[in-house]
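Within every chain, numbering begins at 1; the chains are lettered A, B, ... in the order of the sequence lines, protein sequences first and strands thereafter.
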Protein chains: 2
Amino acid sequence: MVELDDRKLKILQAIIQNYLETGEPVGSRTISKYTDLNLSSATIRNEMSDLEDMGYIIQPHTSAGRIPTDKGYRLYVDLLLLDKNKEVENMKSILIEKADRLESLLEQVAKLLAVNTNYATMVTTPQYKKKVKFIQLTEIDDKQLLAVIVFEGNIVKNKVIKVTRSLSKETVLKLNIVLNTFLQGLDLAEINLPVITQMKEQAGEDYVTLVNDILDAIMQAVSGDDDFKVYTSGATNILKYPELSDVEKASELIYTLEEKKMLSDLIHNKMDDEETRGIQVYIGDETPIETMKDCSVVTATYEIEEGVYGKVGIIGPKRMDYERVVVTLKNLMVELDDIFKNKT
Amino acid sequence: MVELDDRKLKILQAIIQNYLETGEPVGSRTISKYTDLNLSSATIRNEMSDLEDMGYIIQPHTSAGRIPTDKGYRLYVDLLLLDKNKEVENMKSILIEKADRLESLLEQVAKLLAVNTNYATMVTTPQYKKKVKFIQLTEIDDKQLLAVIVFEGNIVKNKVIKVTRSLSKETVLKLNIVLNTFLQGLDLAEINLPVITQMKEQAGEDYVTLVNDILDAIMQAVSGDDDFKVYTSGATNILKYPELSDVEKASELIYTLEEKKMLSDLIHNKMDDEETRGIQVYIGDETPIETMKDCSVVTATYEIEEGVYGKVGIIGPKRMDYERVVVTLKNLMVELDDIFKNKT
DNA sequence: AATTAGCACTCACTTAGTTTGAGTGCTAAC
DNA sequence: GTTAGCACTCAAACTAAGTGAGTGCTAATT
């Protein structure tokens, strides 16, 4: 049995498109008039009945129209990805102005996307390579040192370290040299016990605690948690879609967006999976986040430079305008690429 | 006419307290049973009628009980501020663990407060004194310098500066000395044209652009916008209160919380006003934020050190449990004080 | 003079019944 | 294979009656 003939496909598409617009179950008569197929509602009904059997659409209750199932959406999305290149967004100009710092740039991206799409959005900070470029210790005053750690990709971390006794200029210089000799070019995994003990030896017994503190600081700067951020925007857009806006669901959803940790699941889970590099569409249950089972999520990956990735995601109702969202994201990725290339 | 005799006051208090709990209009019979005044509902009715004339309570519709007006709440709050010292919150221990960085500490505070109070919360980063403690330029590579600027209060800002040509070690050293000699101890207002021109002279003609870039970086680091942040949490708590949870209102409110800029009005407006240093209660229309006219906001000011202030705010329905909120905030302020004192 | 009991009245809320209309599935005719 | 016609279903909108918490007023009680 050939799963879907051309006519069924056209009908399915019409159903989905109509449903995307209205959010209401769509009936046979609507389709009969809506399409250029010139079929009576009765015929459509027969076809719809077939489509329901195949699991692409469903009736929310007897004597209601049909709405697409997750499977239906999935087919629609898969068939859709031959993009008609829509009007180019003019985000770019706005973005560049604000692009003085990566973080505020990303925040802006989230905001702009939310405003433009009318969905909720999220943007993660990039997962950068955690390779130490250099370390610089400076005295702030008698009791405090400032450790500046620069990682590959010019990500800079600061940490104030308390010391019990004042250190001489020479000591600080020496420590700087030791730290850099040992740690430069290493990533987190390579800073292992042998390196550490050797380094401590070099530094001299008196400074073991200090070296420990500095290593702690590096660890802290590096351990993703502290530093992996998720910006969200447009949470309230969710309330615009009746199927999500009852207090129960909306509450859960907005909470998930607020409690950003959960969102990182969506990304971390599959971060290294080659497949998820492009544009990824999760429909309903397909998302790894339980509370979003009534939504769809579209994610895209941006790349700041080789090996430094972040994600952009759009969260909306299952009947989100996939075409527009996918195209918008694709354009955005191109623009971000431009920005990062011209910047670095 | 003596505005309020003792009995009226007791009745008003009873009405408000009951309303705080239930969120429902409260009737005369309830009060008659609830209080130890031993008055019949009829008497209460008479008194309530008086209270309504005086503007402390109001009927949402004929033949409904009464609810407090803003004026009623205001009286209640003003009379309440002789705190019964409630159980000390155990936030402190949790806080200290997480207090490795000020920003994440403040985020945690917002979160904890939200969880404990069941209201929406906000915490602003402190407005620190913008006085330069020292500046450190370091080469990252041929084309990039890293400027680390430490301000009074150990706030550290980084900025990567691009240079067109490679600089020698000596040049960097010299620039460091010049920058520090001229800028140390100055705050933003004091970095004026004379200082700048003098500094440029000292640096030598070749480095005018570079000095400009560095000054720009400082400006950027200092100019509040970039750096004044507001953390919010518990936005979804708003949905727990029926009087705020209809889509219209909730949407506006949560949006206000998300769009943090508006919140800063609440604080900036009156930041320097001596009065607002303590605990501040805004009821309904009293808040400077239009969208919060159906809420009450309680704010408190924390102090990291002399002259470095930030605000903590709790946003809830007008019938929020003022007593608890005020006490919680007071305790929190004490705890934050402790943390900051032990840290600095 | 203050308090209270009693009573008629109001009005949001609930419940149950009714109507409406969009939509279906089936059958028989084209 | 397609379509017209018809009986049937069911959510949603409307209606009507009933309920009860609450009020304001008046007359009796303390």
Side-chain angles (χ1 to χ4, degrees), chain A residues 1-2 4-12 14-16 18-19 21-69 72 242-243 245-246, chain B residues 1-2 4-12 14-16 18-19 21-69 72 242-243 245-246:
Chain A
M1 183 229 249
V2 194
L4 278 174
D5 61 20
D6 196 51
R7 198 171 71 177
K8 280 194 173 47
L9 214 89
K10 277 203 177 111
I11 291 174
L12 179 60
I15 292 173
I16 294 184
N18 194 282
Y19 182 67
E21 279 170 36
T22 63
E24 297 291 313
V26 8
S28 51
R29 193 139 176 286
T30 316
I31 299 299
S32 150
K33 281 193 290 185
Y34 208 81
T35 58
D36 48 1
L37 291 168
N38 280 327
L39 294 173
S40 81
S41 63
T43 315
I44 303 287
R45 271 204 291 285
N46 291 331
E47 296 286 42
M48 280 166 97
S49 181
D50 291 354
L51 283 169
E52 182 159 18
D53 289 344
M54 296 185 207
Y56 292 110
I57 51 180
I58 201 173
Q59 276 182 294
H61 57 85
T62 355
S63 91
R66 309 300 216 282
I67 61 175
T69 59
E243 66 267 50
S245 76
D246 73 284
Chain B
M1 183 227 249
V2 193
L4 278 176
D5 60 22
D6 196 51
R7 196 170 74 178
K8 281 194 173 51
L9 213 89
K10 276 202 178 112
I11 292 174
L12 178 59
I15 293 173
I16 295 183
N18 193 283
Y19 182 67
E21 278 171 36
T22 63
E24 296 291 314
V26 7
S28 52
R29 195 139 175 287
T30 316
I31 298 300
S32 150
K33 281 193 286 185
Y34 208 78
T35 58
D36 46 2
L37 292 168
N38 280 326
L39 294 172
S40 78
S41 63
T43 314
I44 305 286
R45 272 203 291 285
N46 291 331
E47 296 286 41
M48 280 166 99
S49 180
D50 291 352
L51 284 169
E52 182 158 18
D53 289 344
M54 297 185 206
Y56 292 109
I57 51 180
I58 201 174
Q59 275 182 296
H61 57 84
T62 354
S63 89
R66 309 301 215 286
I67 61 175
T69 59
E243 66 267 48
S245 76
D246 73 284

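Comparing atom distances between the H61(A) side chain and each of dA12(C), dT23(D), dC10(D) picks out dC10(D) as nearest. Side chain of S63(A), nearest nucleotide from dT9(D), dT10(C), dT4(C): dT9(D). Minimum atom distance to the side chain of S40(B) is reached by dT4(C), of the listed dT4(C), dG25(C), dT2(D). With dG25(C), dG22(D), dA11(D) as the candidates, the nucleotide lying closest to the side chain of E52(A) is dG25(C). Each of dT23(D), dT3(C), dT24(C) was ranked by its minimum atom distance to the side chain of R7(B); first place goes to dT3(C).
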For L37(B) and K10(B), what are the C-alpha separation, side-chain angles and deciding distance, and is it a side-chain contact (heavy atoms from CB on, under 4.5 Å)? CA-CA 9 Å; L37(B) 292 168; K10(B) 276 202 178 112; 3.8 Å; yes
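Look at R66(B) and you'll find a side-chain N or O under 4.0 angstrom from OP1 or OP2 of dG24(D). Residue T62(A) places at least one side-chain N or O closer than 4.0 Å to OP1 or OP2 of dC10(D). At dT4(C), one or more side-chain N or O atoms of T43(B) fall inside 4.0 Å of OP1 or OP2 (strictly under the cut-off). Taking side-chain N and O atoms only, R45(A) has no distance below 4.0 Å to OP1 or OP2 of dC6(D). For R29(B) and dA5(C), the shortest distance from a side-chain N or O to OP1 or OP2 is not below 4.0 Å. Contact check, S41(B) against dT4(C): no side-chain N or O comes under 4.0 Å of OP1 or OP2.
Here dG24(D) presents its C1' atom at 13 Å from CE of M48(B), a figure rounded to the nearest Å. I58(B) places its CD1 atom 14 Å from the P atom of dT23(D), with the value rounded to the nearest Å. Here dC11(C) presents its P atom at 10 Å from CD of Q59(B), a figure rounded to the nearest Å. Distance CD1 (I31(B)) to C1' (dT23(D)): 15 Å, rounded to an integer number of Å. Between D53(A) atom CG and dG25(C) atom P the separation is 9 Å, expressed in whole Å. Counting to the nearest Å, the P atom of dT30(D) and the CG atom of L39(B) are 17 Å from each other. In this structure, I44(A) places its CD1 atom 13 Å from P of dG23(C), rounding to the nearest Å. Rounding to whole angstrom units, CD of residue E47(A) and P of dT24(C) are separated by 13 Å.
In the displayed structure, I58(B) atom CD1 is contacted under 6.0 Å by at most 12 heavy atoms of other residues, nucleotides or ligands.
R29(B) and S41(B) share no side-chain donor-acceptor pair at under 3.5 Å.
Checking N46(B) against P25(A), the closest nucleotide of DNA chain C that is more toward the 5' end is the one next to N46(B).
Checked against D50(B) for a salt bridge (charged side-chain N to carboxylate O under 4.0 Å, His left out), the options R66(B), R45(B), K8(B) give a single hit: K8(B).
Here the CG atom belonging to N46(A) is positioned 11.0 Å from the CG atom belonging to L51(A), to the nearest 0.5 angstrom.
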